[in-house]
Every structure is written in structure tokens, then in C-alpha cells.
2 protein chains.
Amino acid sequence: MGLTAAEAILRQLLVLGAGQSATFLIAQLLADAEAEDWFVTVGDLDEDLARQCVLDHPRGEAVRFDVNDAGHRSRQIDSSDVVIDMLPAAFQDLVAWDCVNQCRHMVSVSYRDQAVRDLDLDAKRQGILLLCEMGLDPGIDHMSAMSLIRRLRAKGGRIVGFRSYGSGIPAPNQPQNPLRYVITWDPRNVVMAGFEGAQYMEKGNIKLVPYHQVFQHTWAVDVDGVGSLEAYANRDAMSYMQSFGLEHVHTMIRGTMRYPGWSETWAQIVRLGLPNETLRIPNLADRTYAEVMKMFLPLNVSGAPLEMRIGRFLHISPTGRIMENLRWLGLLSDQRIGCEGDTAAAMLIHLLKTRLPLTPELRDMVILLHEIEVEYPDLGTSERIRSTLVAKGEPGGFTAMAKTVGLPVAIAVKLLLRGELTLTGSLIPTHPSICVPILEEIDAAGLRFVETTETM
Amino acid sequence: MGLTAAEAILRQLLVLGAGQSATFLIAQLLADAEAEDWFVTVGDLDEDLARQCVLDHPRGEAVRFDVNDAGHRSRQIDSSDVVIDMLPAAFQDLVAWDCVNQCRHMVSVSYRDQAVRDLDLDAKRQGILLLCEMGLDPGIDHMSAMSLIRRLRAKGGRIVGFRSYGSGIPAPNQPQNPLRYVITWDPRNVVMAGFEGAQYMEKGNIKLVPYHQVFQHTWAVDVDGVGSLEAYANRDAMSYMQSFGLEHVHTMIRGTMRYPGWSETWAQIVRLGLPNETLRIPNLADRTYAEVMKMFLPLNVSGAPLEMRIGRFLHISPTGRIMENLRWLGLLSDQRIGCEGDTAAAMLIHLLKTRLPLTPELRDMVILLHEIEVEYPDLGTSERIRSTLVAKGEPGGFTAMAKTVGLPVAIAVKLLLRGELTLTGSLIPTHPSICVPILEEIDAAGLRFVETTETM
């Protein structure tokens, strides 16, 4: 479509964060920059990382960006037309505040912060859009679910059950590490997953799961072409009932899927208390992993070896699979930690980055799966619809994670700057004017949901 | 002492928060207002609460204060000489930021937030003091510990062990509720106690305790005149080693004391997952306590009664003391909750306020206890010093909690406005120019530490 005269002015895009899940997005924005008349500024605390994404593209620039430098943050945002927030979730509200104050649109891939939700009215007053949860999960999951829900309703269906799962894991049939996992996104989010507990509803029963039980409270989910995975409850599924218009379902579940075995190991890491971002361990970098493990165990009065102590404390086998995984990860080793940061969570982040990297020969895989139960009162029938997206990364190219996180963001930015997306306020992508065009482009890019219907 | 001409100008004091532990402080500031030439503005979200503290005092004023209203907050702070922060800890950084920006001193009773610690240099540049942890615990505990440590060092002692305990509980020999506890401070802090885990060092072994174990990891402490209490680890004791100059101790413990039995009950409330401030339970106020309890339990497939289900899930007796306490608290009841807020933590806060109030005929009690191991290398001897403060509230008058929290704050404010306290930066009260005069006045007010020395 043609641009109007007013829109044909050079637009300034500011991408905050150049980590591994931002690489595809930045490449895509730069690829569109000439045709759309954009200039793309990429800011990261690590300027080199930003530079590696921009290279010497004539319509791109890399800058050092420290989100905690209020003056610099505010100036950068002020000179942009749209701000794309790829930073860790904790900074979403800082960026959103500046965007509201300076009348700039924001698109963010992180879960919408309560503070950002509360900015809805302010954003509307300023005539701007704060569009959050715009990546894969959260992101494509919401859009594809809403699209499916709308289609079933148009057929006279009444949604009674909603289960939605997301996953970013290694593709099957490749050499695997013992944990069958690789890091394709912010490892901090892997380490702190579940720490606020989880809530869902199953057959009318609301269930709250405290952090120390999230990874013990798992169930099996079959994915066509992949096999049986395990799922744990993902945050507060109940909070989406209203945004999805699903106030009357009996089942409302959001889950995260892993290969079987991840959760039983991570559950023990949580029981030990290692994912802690608050307590600062003196001289952490100079200590060994075994030393830190001992800090989480009762005193050794019997002189037992470390595996025995861990096994006794957690009531797990000192020679079983979980202990093997802990050892393989390096948690029992006498090696110096040498990490940045001084919390046990920082140590885990360092360990996951070191032990679970996505090496160039490996492909990652992204899965979204919706399972929707629908009744057709006029027909007196019921169906269970399963809609599945499986995407795999290109070895040596973009990961499936980077592509599926970045693509919806890039499309949303384009719609926004072309004036085709005119909503304002603090939103997540459930509105048809966001879902419909973005899902079409995603589908055209080869990211396709496969649907099966089972009569109940 | 006389005031210089410059100091004889009317000074504006702003007290933020008029909750139960601020009552003595406000009375004290108003009592001193005429002599010191002060005007005291008390702000609370609940203006009535502020008004009850100020009454019709000619040198006082009550205002409605919403800390989240940035404009009002900033204007109020701007028109004050010193800001006294008695708000929940989460707001300390907001207040401190404004104080730094507007060159106003701040005195706060809450634990110093990391963000406020990081404002040290900015505060120094602005020539202001951000004095945190200025109540009882944290507050008097730090000052009395530092004073004792300095005295022992002056005698040639080398501190090798440091244990410090605080407690706010009902006075003994009174009718007690089954939990032997009453609410004398912000019930939110009781409900969320320990949620960031705890860290300490004992005989050279650093120990980290995750949240779900804090209340199971208890030990007995004898207090002269009170008897045997139970202690649980209080936050990050290690973080005080540097501020106390105790880098070379083998033992560094901070604990919170309760009557025996509190912790074993609260441990189960934590294991259930009830202290959660994040997950919002739909229509919480209209549900019953029993209904919410069931949300934290596995599905009831056998039709067992609630006590049986809780007992099985937690591995506790369905008819034992802990279950009796849960029932007495009201957690098993079919009563409508009717609380403000929509989290299980909000429900617990409501329950504690309802079930554990300090009724007018009851006295509360505050305890501080330091246990210090000291070696005298020149003499080849060692001692264990125990220093204990026990203070009881006046029935119908001020609580011991309000008095011991408020008195050090009131003295610090006086020193600051008289120009006798000239430190700047972000501090906690460990410096002699704070400790010495404040401890003298506290002692003169009848809050005395009793010391015993045991040769080892």
C-alpha cells in the first residue's frame, strides 16, 4: 500500500536490547528500513553486541544504552517515533513511563507489568500505544488463541475449556545434553521461572501453586511429531480470562513444556533455594560450586560426601538421574565459579550459559499448542480443537526463538508506523486489528498452525 | 542547649505514615514542637488516621498523602526540612529520590533498600542525610550492638562471634491466644516475613535458607525473665559484616524471636503457599476461607474432609496443635472473607488483623538481645557478653513497639535539626555521632540494656 505524504518522513526506531532473541528482529527492521523509510538505532549496555546486529548498515546505528541512566534513556526515547523494548522485564515500566511522558509508542516483548497496565488511561490521553507481550510466548500465543476463539464463536461455539502451552527447547533427533535443554533466550528468565508461583483453573477448581512446588506439579502433554513432553503451570492463567473474554470457561491453563526430566531436576534446585536474586554471597566469584552447594545444606556432622548430603536432604538418590544432572551441570564441582554478580541466581545463570549453550550445529525448536474445548449449544455437540505451531531454527542461522519472538514485533512496528494500527492505551495483542494482519504475515512467513478437531 | 539565630527559624517536619507504630513518634515530635520551633505535618492515605495522631495540636496538621501521587509527594517533600518515612518499605526509594532531588533530609524506619544504598554519593553531593533502619529492629539493635562492639574493642577485645535477636510479642503472664502473638506493627511485614530467604554464618559456615524453609529452620534462645523463645533467621545477616566492621567473625547471625509454636504453624502456611502477593484470586472477597484453602491443596478425589486433606498434603496431624491453630485462625471456616485486596497475602493480613489484635487490656513486649563472643589476645581469655533490652507496653497507652520504634527516630530528627548530626549520604545508624547521643537519651527514657558476662 502507498504511504501518505505525512507518513513519508524518515521515522526513527529505537530498539532497546540486542540479546540473542533480538537478532532476527533487528535484521528484519533493517531489511525493511529502505522501503519504509526508517532509521534503526539499537541500544545495548554492551555496545559491541548492538554493533554486531547493525554491522555497517546505512540505515542503522549502534549505541551504548544503560536503561538506568535516566537522562540518556529519556533523550534516546525522545528522539524516536517508536521504542521497541527487548530488555529484561524489570525495565518495562521505566521505558513505558518515558514513552508516556514523551508521547512515543512502545512495543515490548515482556509480560505486561502491573505498573504498565496501570498506564492505560495515561497512554490513551497521550494518544500512544504501549503494546506488550508482543513476542512468541507471550505474543503469538495470545494472537493465535484469540483468532481461534473468534472463529469458533462465529460458528456458534461456546468455549468451555482453554489450555495453552509454549516451549523453546532443542529440536528432537539431535545429540542432546543430559538436561535436554539449551538457552535460546534470557537465561535469567530460565533461572527465575515460576518464582512468583502459578495459578490456573481445571474443571472449575482454581489451583494455586507456590514456587517451591511449581516444578514438582507437572503433567504430560503430547505434541504431534515431537512426542510426549512435560508441562508446568506458567504464571497466572486466570489473569487472561478477562482479556480473552473467557469468563465462563471451567478450565483455564497456561503451561510451559520441557522434555521429560528437566522439571524433576530443576525442582530440586528450587528446593535447595539456589534461584535467589536477593541474598548476596560474600566473595562468590572466588568460591567453588561445591562450596556454595554446601551453604544450602545442613551442617555436615557425619563427614559424608557431598552427594550423600544432598541426597539425604532432598530425599533423592545419591546416585540417580537427578544427582547425575546436578553433577553434569557442575554444581558439585571444585571449580572456581568466576561469575559476574554475587547471588546464587547469578551463579546459576553463569552455569546455564556455560553448560547449555546453543552450539552452531544444533537447531532449536519452538512450540505453541492450544487445546480448546468448545460446545455448540444449537447442535448439541462438543469438540476439542488442538492447534499446534512447531518451528525449528536454522543451524548457523537465526534460532526459531529469535524468529518467532522478532517477527510479530517487526510486523507490529510496521503497522504502527504505516498508520494501520491506530489503537491507543496499554494493551496486549488480543484485538482483531492487531491479531488478524500479524497472523496473516506470520503464516505467509511459514509459521503455520496445524489444527486437529476431535468430536467429544 | 541554646539555638543559634540561624537555627531558630520554624522548621517543617513531614511524617509519612500514621500507622500504629508511628503513634508515639508523632506524639513525641508534637511534644517537642514548641521548644524546638517545629511544625509537624502528618500524611497518611487515611487522613482520619493522621488526624487521630495530630488532634488539634497548634503545631500539627494532618493531610491525606498518597505516596503514588508523584506531584503531591514532591510538593509535600519540597516544603519540609526533614521527611520521616514510616511508610511500608516498598516506598522508601520513592521518598528518598524526591529527598535527594529536593535537598531534604530523610529518616526512615525501614530496612535500607538497595536503591537507597546506591543514592549514597548523590545524597553526599546534595549535602543531605538519608538515615535508614532508624527504628527498633532495624535501629536500636544496630546502635546498641555497635556501642557494645566499640566498648569491647576499646578494652583490647577481638569480636569473633555476633548473634543479634529482635522480637515484638505479647508480654508474658497474660491471657494468650493459641498463636501467642499479637499484631503491633505492619501486618504485611508479618505475612511476608522471610520471603526473600535468609543468610547467616555460624562457626565459619555460611548458611542460606530458602523461604520455604525459614520457619522450619528454628532454634531455641533463652531470654532472662522471659524464658525460652524460638528464633528464625532474619534476612541477610552477612550484609552487616562490613557496616559493623565484623569482617573477621566466625559467627554472624540475626534472628527474630517468637514464643515457641508460632514458627511451626507459620511454616505450614508458607508450605501451602498462602503468603503470595502476586497471584490475584478472582472474586476473593466473596469466597470463603475454606474455599481458598482448597485452592492450595491437591484435588479432592476421595471426598475427605478439609482437615484430612491438609494433614495428608503437609504430613501433619489432622487433629494436632498446628491444625488447631490453622482452624483457630479461621483458615478452615466457611465464613466469607470480605477483605480488601485480591491475593492470598491480603487474606492473611485481614485474618491476622482480625484474629490477633492487641486489645486495650493487653501489653506488648519488645526484646533485643545481643550475644557477642570476644577474645582478648593480650590476656589469652575469652568472654561471651549478653546484652538484653526488654520493654513492655502500657495497657491503654503506647505500645512498647511504638515507643521503641518512635523514640530513636524522634531523637535523630532533633539532632539533625539542631545541627548536631552533620553526616551526609545514605547511612544506617552505626556511626558514633548517631549511636552515642541517641543511646544516651534512650537509656534516660528508661529503655535499658542489661548485660551479663560469662568467661569461656
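We name chains A, B, ... by the order of the sequence lines, and we start the count at 1 in each one.
- For the pair B:Arg254 and B:Tyr200, the NZ or CZ position fails the cation-pi test of under 6.0 Å to the six-membered ring centre and within 45 degrees of the ring normal.
- Ranked by non-hydrogen atom pairs under 4.5 Å with chain A, the options B:Lys207, B:Glu277, B:Met241 are led by B:Lys207.
- Proximity to chain A (any heavy atom under 4.5 Å) is restricted, for B:Ala198, to the backbone atoms N, CA, C and O.
- Contact annotation for A:Val292: neither backbone nor side-chain heavy atoms come within less than 4.5 Å of a heavy atom of chain B.
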Query raised in the report: Can you check side chain to side chain contact (heavy atoms under 4.5 Å, CB included) on B:Glu264 and B:Gln268, steps first, answer last?
Result: CA-CA 7 Å; B:Glu264 65 175 0; B:Gln268 301 308 327; over 6 Å; no
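- For chain A, no part of B:Glu202 is nearby; none of its heavy atoms comes within less than 4.5 Å.
- The greatest number of non-hydrogen atom pairs below 4.5 Å with chain A, out of B:Leu279, B:Val270, B:Thr278, is found for B:Leu279.
- Taking the centre of each ring, B:His142 and B:Phe244 come in below the 6.0 Å mark.
- Comparing A:Lys294, A:Gln213, A:Met238 by how many heavy-atom pairs each has under 4.5 Å with chain B, the most go to A:Gln213.
- Looking at A:Thr343 and A:Arg280, their side chains never bring a donor and an acceptor atom within 3.5 Å of each other.
- Using a 4.5 Å cut-off between heavy atoms, B:Asn205 contacts chain A through its side chain alone, with no backbone atom that close.
- Here A:Arg271 is the residue among A:His217, A:Gln242, A:Arg235, A:Arg271 with the most heavy-atom pairs under 4.5 Å with chain B.
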**Report entry** Worked check of side-chain hydrogen bond (donor to acceptor under 3.5 Å, both in side chains) between B:Gln114 and B:Asp118
**Finding:** CA-CA 6 Å; B:Gln114 183 60 39; B:Asp118 295 340; 3.1 Å; yes
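- Side-chain contact of A:Gln102 with A:Ser74: a donor-acceptor pair under 3.5 Å is present, judged by distance alone.
- Residue with the most contacts toward chain B among A:Leu274, A:Val209, A:Asp236: A:Asp236 (heavy-atom pairs, distance under 4.5 Å).
- Side-chain contact, A:Gln335 with A:Thr288: no donor N or O sits under 3.5 Å from an acceptor N or O.
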